[in-house]
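Notes follow once the structure below has been shown.
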Amino acid sequence: MRNLAAQRGELANWVALVQRRADAAKGDDKKELAAMAAAGGALSGVCGAHA
């Protein structure tokens, strides 16, 4: 369980980084990065549900 918690923390950091990049991007890049951040957030939610 500790390993899952550590990986979830790393995923949260990754999602935050991608979201910051999406905020700074323009056009299609912004859309793609925002979608990646949303997917990472959904994955984090799934991991949290199983923890």
Side-chain angles (χ1 to χ4, degrees):
M1 290 307 264
R2 282 182 280 172
N3 190 27
L4 180 61
Q7 288 179 350
R8 192 169 173 217
E10 290 176 21
L11 180 59
N13 289 337
W14 178 84
V15 169
L17 172 68
V18 173
Q19 187 60 54
R20 284 194 304 270
R21 289 184 178 176
D23 292 342
K26 295 185 188 283
D28 288 340
D29 290 339
K30 184 177 191 94
K31 291 176 189 175
E32 290 177 14
L33 289 168
M36 289 173 59
L43 180 60
S44 179
V46 169
C47 291
H50 291 291

| Taking only residues at least two apart or on different chains, which pairs with a member in residues 26-42 satisfy side-chain hydrogen bond (donor to acceptor under 3.5 Å, both in side chains)? | none
| said: Ignoring hydrogens, what is the shortest heavy-atom contact between A22 and A34? Give both atom names and the distance. | reply: CB-N, 3.7 Å
| task | Could I get the full list of side-chain hydrogen bond (donor to acceptor under 3.5 Å, both in side chains) partners for D23, not counting sequence neighbours? | result | Q19
| note | Contacts of A42 meeting side chain to side chain contact (heavy atoms under 4.5 Å, CB included) (sequence neighbours excluded), chain-then-number -> none
| note | With sequence neighbours left out, the residues meeting side chain to side chain contact (heavy atoms under 4.5 Å, CB included) with L11 are W14, V15, L43, S44
